[in-house]
Structure formats: structure tokens, C-alpha cells
Amino acid sequence: MKRAAIAEFFRRLAQANPNPTTELEYATPFQLLVAVALSAQATDRSVNLCTRKLFALAPRPEDMLTLGEAGVTECIRTIGLFRNKAKNVVALSRLLLERHGGEVPHDRAALEALPGVGRKTANVVLNTVFGDPVMAVDTHIFRLSNRTGLAPGKDVLEVEHALMRRVPKEYLKDAHHWLILHGRYVCTARKPGCGRCIVRDLCDFRDKVD
DNA sequence: ATCCCGAGGG
DNA sequence: CCCTCTGGAT
């Protein structure tokens with residue numbers, strides 16, 4: 001996709017959805033961090049069903065320690081990878097209390113040092129909690145970036161760097177959510193909704209489907 | 001490269 | 001049945 005097409009691509013997504021945000025439910029930075037850590041290989045909808053119960057019982061890191069791994073497991077049993085995630089949520093809460101006074105650090109290295117938090121989760125927190133202009137490349141953004149030709153790359157890190165180079169600066173902060181939502185509801189994995197896509201004419205994939 | 005791992009959709 | 005869902009650790 002050429003530079004002019006990329007600018008038009010984001011102009012349209014911006015007009016369609018001026019204030020994009022996450023569909024994960026949370027009340028505090030800590031809760032967003034936990035929700036994102038739980039969202040690996042799970043839909044936002046199924047994560048929200050878990051976190052409603054979980055955050056009602058344990059809204060803060062110290063409550064998460066009291067609830068314990070068994071209690072957390074009970075709340076999140078309905079999403080995949082729940083054993084690893086329950087262990088991580090408790091350990092992550094303990095580390096936040098020990099190293100950061102229970103607050104979520106505005107620091108990539110500190111975030112990635114938390115159990116169950118890798119580059120993608122750290123980037124979502126940096127973007128959504130602190131408003132940093134960073135791209136978190138998840139399954140949707142990886143697929144859409146390659147399929148449309150917006151920012152091709154053989155792995156997520158390559159796509160992230162391509163996006164940082166190619167997305168116009170003024171759109172960088174919101175681009176994360178625009179791409180997620182477009183990937184989730186229009187440019188889906190199995191059967192892309194090209195017929196209702198507002199950027200179809202800009203897309204490298206437009207004639208390879210239907 | 002492999003494991004983890006439930007729910008929903010087709 | 002198979003594929004997908006805001007991945008991370010080993």
C-alpha cells in the first residue's frame with residue numbers, strides 16, 4: 001500500500017470511529033493489565049465475563065493475593081489457558097506490590113518483567129493506560145497488516161516496526177484500536193467482510209476474495 | 001517449535 | 001469436525 005493510500009486509510013477509520021477504545025471492561029490500570037493478560041487466545045467477550053466476577057472479588061493487587069490462585073482459577077475457568085493465567089495473575093499482583101507499590105509502572109522493561117506480560121501486553125498497557133503512541137501487534141493487527149498491504153512482515157515484531165514507520169504520526173495512538181476493531185468486525189480471519197469494508201478500494205486483498 | 005486450553009462459530 | 005480468539009514461557 002502506498003503512502004497516500006495509508007493516509008486515506010486512517011482518515012476513513014478516524015471519521016467512522018473518532019474515539020476508539022478497548023472493549024475490555026476495567027476500572028483501574030491494574031484491572032486493564034490483568035484483563036489484557038487474560039485476553040491471550042480469548043475473545044474480549046469471554047474475558048469480560050471472567051473479569052466481572054474476578055474484579056468484584058478482587059479489585060486491587062492485594063485482594064488478588066487474598067483470593068489466591070484457587071480463587072482466581074474459579075473465576076476464569078471458562079477461558080483457555082486458565083491454569084497459566086491464574087498463576088500469572090497472582091504472581092504479577094505480588095510483584096507489583098513488591099516492586100511498584102501496587103501501581104502499574106509506565107515502563108516497558110518493568111512491565112515485561114511481570115509474569116505473563118510480554119511485548120504485546122506491555123504495548124497495550126502503554127497505549128491504553130498512558131496514551132503512548134505504540135502499536136501492540138495481536139492476531140488481528142498481524143493479519144490485517146499483511147492482508148491489506150498496510151505493513152507487511154513475517155512476524156509480529158517486523159509488523160510492529162513497519163507500522164511505526166508507515167502509520168502517520170497523528171494517527172499512531174488511535175491506530176491500535178482502529179485496526180483491532182476493523183480486524184474483529186470487518187477484516188475477519190475466515191470470511192473477510194469486504195462487501196461492507198470502507199477501505200476496500202485501498203486494500204491489496206480486495207480482488208482476491210468473494 | 002511446542003505447550004497451554006475453554007468457548008463460540010462455521 | 002476444524003478454526004479462531006487483543007500471547008507468553010520454555
Side-chain angles (χ1 to χ4, degrees), chain A residues 13 17 20-26 29-54 69 72-96 104 108-148 150-151 153-160 163-164 167 172-193 209-210:
Chain A
L13 293 181
N17 186 2
T21 185
T22 179
E23 294 185 329
L24 292 170
E25 297 170 5
Y26 67 100
F30 169 69
Q31 292 181 11
L32 176 73
L33 171 61
V34 171
V36 177
L38 293 178
S39 73
Q41 307 289 277
T43 60
D44 278 12
R45 207 172 66 83
S46 59
V47 171
N48 287 336
L49 292 177
C50 293
T51 54
R52 278 173 208 160
K53 295 184 287 184
L54 182 61
E69 191 178 322
V72 174
T73 301
E74 193 57 34
C75 293
I76 71 169
R77 195 179 285 287
T78 51
I79 53 174
L81 318 178
F82 67 88
R83 274 182 272 266
N84 286 336
K85 288 173 181 175
K87 197 181 303 287
N88 286 336
V89 166
V90 173
L92 161 167
S93 300
R94 182 173 293 117
L95 264 181
L96 277 183
V104 175
R108 170 190 303 290
L111 288 168
E112 289 188 19
L114 300 168
V117 179
R119 185 176 184 86
K120 180 260 170 180
T121 299
N123 279 346
V124 175
V125 170
L126 290 172
N127 177 286
T128 303
V129 172
F130 299 107
D132 292 354
V134 301
M135 297 295 311
V137 180
D138 69 331
T139 181
H140 294 301
I141 297 188
F142 183 76
R143 175 183 68 250
L144 191 154
S145 296
N146 277 298
R147 180 186 280 166
T148 62
L150 171 66
K154 66 179 186 316
D155 55 47
V156 292
L157 195 58
E158 208 172 285
V159 169
E160 179 183 330
L163 286 166
M164 294 301 286
V167 178
L172 207 44
K173 184 176 75 67
D174 288 330
H176 169 69
H177 294 297
W178 282 326
L179 295 179
I180 292 271
L181 295 171
H182 193 66
R184 180 176 300 162
Y185 294 114
V186 182
C187 195
T188 51
R190 286 234 193 141
K191 205 165 80 67
V209 74
D210 292 345

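A:A136 comes within contact range of no nucleotide atom at all, as no heavy-atom separation falls under 4.0 Å. Nucleic acid contact for A:S46: none, since no nucleic acid atom lies under 4.0 Å from a heavy atom of the residue. As judged by a 4.0 angstrom heavy-atom cut-off over every strand, A:R184 is placed among the base-contacting residues. A:V124 comes within contact range of at least one nucleobase, with a heavy-atom separation under 4.0 Å.
With distances taken from any side-chain atom of A:L81 to the nucleotides B:dA7, B:dC4, C:dC5, the minimum falls on B:dC4. Among the nucleotides B:dG6, B:dG8, B:dC4, the one closest to the side chain of A:N84 is B:dC4. Comparing atom distances between the A:T43 side chain and each of B:dC5, C:dC5, C:dG7 picks out C:dC5 as nearest.
Sorted by first and then second residue, the salt bridge (charged side-chain N to carboxylate O under 4.0 Å, His left out) pairs involving residues 132-148 of chain A (not counting sequence neighbours) form an empty list.
Of the two residues near DNA chain B, A:R45 and A:R83, the one whose nearest nucleotide lies more 5' is A:R83. Each of A:R190 and A:G80 has a nearest nucleotide on DNA chain B; the 5'-most of these lies closest to A:G80. Mapping A:D138 and A:V117 onto DNA chain C by nearest heavy atom places A:D138 at the nucleotide closer to the 5' end.
Distance check on atom P: C:dT10 versus B:dC5 gives 15 Å, rounded to whole Å.
Of the side-chain N and O atoms in A:Q41, none sit less than 4.0 angstrom from OP1 or OP2 of B:dC5. In terms of phosphate contacts, A:R77 brings no side-chain nitrogen or oxygen within less than 4.0 Å of OP1 or OP2 of B:dC5. For A:T121 and C:dG8, the shortest distance from a side-chain N or O to OP1 or OP2 is below 4.0 Å. A close approach under 4.0 Å does occur between a side-chain nitrogen or oxygen of A:T139 and OP1 or OP2 of C:dC5.
Inspection of the A:T128 and A:H177 side chains reveals an N or O donor paired with an N or O acceptor under 3.5 Å.
Checking side-chain atoms of A:S46 against main-chain N and O of A:T43 turns up a donor-acceptor pair under 3.5 Å.
Salt bridge A:E23/A:R184: present, at least one basic N to carboxylate O contact under 4.0 Å.
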